[in-house]
Number of protein chains: 2
Amino acid sequence: MASSTKERILDSAERLFSDSGLRMISLRDITKDAGVNLAAVNYHFGSKEALLKAVLERAIYPVNESRITLLDELESQSGEKGPAVEDILHAFLGPPFDAWSKAGDRGLRFFKLLGQIHTQANPEIQTVLLNQFIQVLERYTKALERALPNVDSTEVRRRMLFVNGAMAQAMRFGSNPGGLAPEELDQMRESLIRFAAVGFSAESISDLSLKGRRS
Amino acid sequence: MASSTKERILDSAERLFSDSGLRMISLRDITKDAGVNLAAVNYHFGSKEALLKAVLERAIYPVNESRITLLDELESQSGEKGPAVEDILHAFLGPPFDAWSKAGDRGLRFFKLLGQIHTQANPEIQTVLLNQFIQVLERYTKALERALPNVDSTEVRRRMLFVNGAMAQAMRFGSNPGGLAPEELDQMRESLIRFAAVGFSAESISDLSLKGRRS
DNA sequence: GTCTATATGCGGATAGAC
DNA sequence: GTCTATCCGCATATAGAC
């Protein structure tokens, strides 16, 4: 067989949840799309919520795993001063973009799905998700603090927030109807890394006034 | 009376939609929270979707309006070269932050609500929303292109995407339980403007390689 | 493991009295 | 304008035959 009932359910659920939200999609929608019986969901997963968890784990785990691996490699290869800002950001931003371009439709869906979770899922599921990501975020924040000894810690964390938001927005944009061609996707990634690296390396706020620099 | 039935419905709907999503919240939830009768929603607004539109218009219009006004002022006061990047970004990012700090709980809800719309609303509502915002975005993009003659147009648009995402993420973060103290909010805004201004002013991608700058 | 049939409840919307 | 009562459809979940 091409794929098992369980996998077909996961595929359909991932696609439909991502495109249209968690609550808008019924088990009937999913089972119809997957070409399986309605009762199969409860047989294989137990409930709609348990199905959502299974979808999440399958989709998200590989990206975070890859980010950790890449940072490990960077740190083992770098010298006393640790990896450079650009390299760190490349390791952080690369995997989601790679997932996007390599996995075709499935890759970009990952980010829509994150958005759906963030706005709709119950706290328990959000926590499961957040805990995984926080581990990654902490590792990267520490690496960046080391690479930027002149920027204070709370400022590094704020900037990491900005980078995350910028990345999510770029992904959402690319997943619109029409989408992005492969070379546009590459440009987007490089632009983002550059934008983030320059922003991260900025001096702290007090150095320059934000006004009166016209002409 | 403290507020009319219509206003109480709008207040409750805004809060509940923002916190928990559009589809998760029923008219029964809203009318119970507002302390009004279930049938009042259909009497005053006609349908759940019409209620959502009313909530949106009330929440979003003032911010975009304010952004346009501020840019008008900047441009009338600036000379031949037009406003500086920092000033433009200040005008773009200021109003949402002001709404946030001034309106108390209501201000921050605005951004959660945007997120809900983006992931859950039907295309018609998204389009209404987007059309308003696109006008603002176009005005600001043109101003930035003028201020950055050495950065090409598609790159300016990409960076505007990043700024939007960073802003949204900052807002979402601040709206978490615990939230941000007023002075932390100010720091967040200044950090974001600085981060964005520096990122915007970066040279185009080809100038520096992104690798091999370690040690 | 997979199906049909059904239990049970919540959803939006409305009719019609007051 | 506001209320109660109700229509009707769709949701999740499960029972039980095959």
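Heavy-atom basis, side chains included; hydrogens, waters and symmetry copies ignored. Throughout, protein chains are lettered first and strands after them, A, B, ... in sequence-line order, and every chain is numbered starting at 1.
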Euclidean distance, atom [atom1] of residue [X] to atom [atom2] of [N] [Å, nearest integer]:
X	N	atom1	atom2	value
A:F45	D:dT14	CZ	P	16 Å
B:R23	C:dG12	CZ	C1'	12 Å
A:H44	D:dA13	NE2	P	16 Å
B:K32	D:dT4	NZ	P	15 Å
B:M24	C:dG12	CE	P	12 Å
B:L51	C:dG12	CG	P	11 Å
A:I30	D:dC10	CD1	C1'	15 Å

TODO: Establish, for the pair A:R159 and B:F195, whether the NZ or CZ atom is under 6.0 angstrom from the six-membered ring centre and no further than 45 degrees off its axis.
DONE: no

- [ ] For B:F200, enumerate each residue passing the ring pair (Phe, Tyr, Trp, His ring centres under 6.0 Å) test, keeping only those at least two apart in sequence or located in another chain.
- [x] none

Just the table, please: protein N/O against nucleotides 13-17 of chain C N/O, every pair under 3.5 Å.
unit_1	atom_1	unit_2	atom_2	d
C:dA13	OP2	B:K48	N	3.0

TODO: Can you spot which of A:N37, A:T5, A:V36 makes a side chain to side chain contact (heavy atoms under 4.5 Å, CB included) with A:T31?
DONE: A:V36

Open item on the list: Using the rule given for side chain to side chain contact (heavy atoms under 4.5 Å, CB included), can you reason through A:Q135 versus A:N64, listing the C-alpha separation, both sets of side-chain angles and the distance that settles it, and then say yes or no?
Closed with: CA-CA 9 Å; A:Q135 314 243 342; A:N64 282 339; over 6 Å; no

Is [X] near enough to [N] that one of its side-chain N or O atoms lies under 4.0 angstrom from OP1 or OP2?
X	N	result
B:T5	D:dG1	no
B:S26	C:dC10	no
A:N37	C:dT4	yes

Task: Donor on one side chain, acceptor on other, B:D72 and B:T69, under 3.5 Å - done: no

Open item on the list: Under a plain distance cut-off of 3.5 Å, with no hydrogens placed, do B:R8 and B:S3 share a side-chain donor-acceptor pair?
Closed with: no

